[in-house]
Amino acid sequence: MQRALHIDPKKCTGCLQCEMACSYEKDGVFNPSKSRIKVFTFHHEGRFAPYTCTQCAEAWCQKACPVEAIQIDAATGAKVIVDARCVGCKVCTIACPFGTVNYNSVTGKVIKCDLCGGDPACASACPTAAITYVDADWTGIDKMRAYAEQSLAGTA
Amino acid sequence: MQYLIIGAGPAGVTAAETLRRLDADATIRIIGDEPEPPYSRMAIPYLLMDNIAEQGTHLREHGNHFADLRIDVTRGRVEQVDAAGHRVRLQDGGSLSYDSLLIATGSSPVHPPIPGIDGPNVTSCWTLADARRILAGARSGSRVVLIGAGFIGSIVLEALAQRGVQLSVVEQGERMVPRMMGPEAGGMLKRWCESKGVSVYTGIGVSSIDAGGVTLADDTRLEADLVITATGVKSNVGFLEGSGVKVDQGVLIDRHFRTNVADVYAAGDVAQGLDFSTGDYAVHAIQPTATDHGHIAALNMSGQAAEYEGSLNMNVLDTLGLLSCSFGRWDGVAGGEHAELYAPDDWRYLSLQFDGDRLVGANAVGLSQHVGILRGLIQRRTPLGEWKERLMRDPTRLMEAYLATTQVI
């Protein structure tokens, strides 16, 4: 059974532990600016929204990559950046209509969520279960993807 | 079923792979006229920066990729298309038949009529062969003049500067990337490049090139060991003369990638396809359009009636560490409103163009995170509602506006 990140913004308190965990897992530093998951704050409403890649089925980033540097992790279904192939051209950062592939100027390569190989650090770190890693069926992720991808697929 | 694809770039390769997924039994052949395995021109600047080897430019990582998919990649050059006979004639005298043909021949650099532009010290930066010439001629300390600071020129500029050459750039337009960004952003790029030691001349043409360098229209003399041209590209359509296939700027196609001739399709830089933003037909010679075209053209070639929504013109650029991007109608639409943040001291610029309460275009400089949402908002034609007024007051609240209006989460 494929699993997916399930995000429930209502449970998010804006503590940013997911960002810390992600940056530590991926770059060995506690630095939210390196995190693949970002928590957005709606100051006026006092709401928070964790946001990261949904690993879409027909991934724009993957299709747009000129050198096959975005590949699928067979175990998790995640779309993963292959650092050895990525040249840093950033086409994926404008091709992804969800804005979840970002350029890292320190490494000269792009970064995105890769589900940590099946044990996402953000979900483990979240103290309020706003981020969980559950069976994909449960999350309604297909519905979410379908909504998100609707009218973006390039065909009518 | 015999599918024949002319051109081994991203559009042709994506089409071939898509056709294979759809039809396990078809014969699929790609003809390309360059000696290397299918490669990406987009990766060439990174080869020039010595970040990758030539193999790193290849469109597909594994050498046996095409053989495994039973896609035949043949070297050859098509001279003529005989649409009535469903055949193409090759330069070497041979010919190939097809049931369905995809023209994906891409584009080639244009050379303005400058005296001396055909000289041995002048090269474009388009093919791997060009890249090898530049690697040999542009060494640390070499004096290099780059003609053209459009999108491609500006990418080449970055690569050359990283090679440690003494670099001068000449752009005939009044600013850098004049077809990608407005005066504020273009001016910012120029000042940034100058601050990094690159000499940038804008609003002036080159009057002649000789063995020792170039002379500008005002007689300014720039000594050079190597001159590189990046003065635009045009669709490769010459071989279609007499074929009956209709051509304007590129091969004219409908929303199903069909040309006016039966069983002949076109995709990528060579195709003049639907423009998402304007509803007109235009050549968008960019990587994401090439792969989208290749994918959807293949669906149609295989018999699925997939109607194209149009390509969004977009670019992303890194000029010596300063990131910039453009999307869609970055120059605005009649009657539309415009929100702008211009902070030259911080090297930041953000411009949003609206049509009613929908985003139709954008430019950004110094924006490095979540840039893709600009595409998402534009291409989904998301009604921004009350967020439009908020963005008019403060365009930096873009991500909030995106999350609030798209309900992705």
- [ ] For Phe42(A), look at atom CZ and say whether over 12 heavy atoms of other residues, nucleotides or ligands are found less than 6.0 Å away.
- [x] yes
Task: Proximal component of Cys96(A), with respect to chain B [non-hydrogen, under 4.5 Å] - done: backbone
- [ ] Name the member of Gly88(A), Ala84(A), Ser105(A), Ser33(A) that forms the most heavy-atom pairs with chain B at distances under 4.5 Å.
- [x] Gly88(A)
- [ ] Quick one: list whatever passes salt bridge (Lys or Arg N to Asp or Glu O under 4.0 Å) with Arg41(B), sequence neighbours left out.
- [x] Glu34(B)
TODO: Against chain A, label Glu61(B) side chain, backbone, both or neither, depending on which of its atoms sit under 4.5 Å from a heavy atom there.
DONE: both
Open item on the list: Heavy-atom pairs under 4.5 Å with chain B: which of Cys89(A), Ala69(A), Ala64(A), Pro66(A) has the most?
Closed with: Pro66(A)
Task: Which atoms of Tyr39(B) approach chain A - backbone, side chain, both or neither, heavy atom under 4.5 Å - done: neither
Task: chain A contact via Thr57(B) - side chain, backbone, both or neither, heavy atoms under 4.5 Å - done: backbone
- [ ] Examine whether an atom of His256(B) lies under 4.5 Å from a heavy atom of chain A, and if so say whether it belongs to the side chain, the backbone or both; otherwise answer neither.
- [x] neither
Task: Pairwise side-chain hydrogen bond (donor to acceptor under 3.5 Å, both in side chains) hits with a residue in residues 315-325 of chain B, at least two apart - done: Lys90(A)-Asp318(B)
- [ ] Heavy-atom pairs under 4.5 Å with chain B are the metric here; pick the option from Val101(A), Val91(A), Val82(A) that has the most.
- [x] Val91(A)
Task: Side chain, backbone, both or neither of Met399(B) within contact of chain A (heavy atoms, under 4.5 Å) - done: side chain
Open item on the list: With a 4.5 angstrom heavy-atom cut-off, is it the side chain or the backbone of Cys65(A) that approaches chain B, or both, or neither?
Closed with: backbone
Open item on the list: Quick check on the interface: out of Asn104(A), Val67(A), Ile94(A), who has the most heavy-atom pairs with chain B under 4.5 Å?
Closed with: Ile94(A)
Open item on the list: Tell me whether Asn102(A) contacts the main-chain N or O of Gln369(B) through its side chain, where contact means a donor paired with an acceptor under 3.5 Å.
Closed with: no
TODO: Measure Leu59(B) against the heavy atoms of chain A and call it side chain, backbone, both or neither at under 4.5 Å.
DONE: both
TODO: Could you look at Leu323(B) and say if it's the side chain, the backbone, both or neither that has a heavy atom under 4.5 Å from chain A?
DONE: side chain
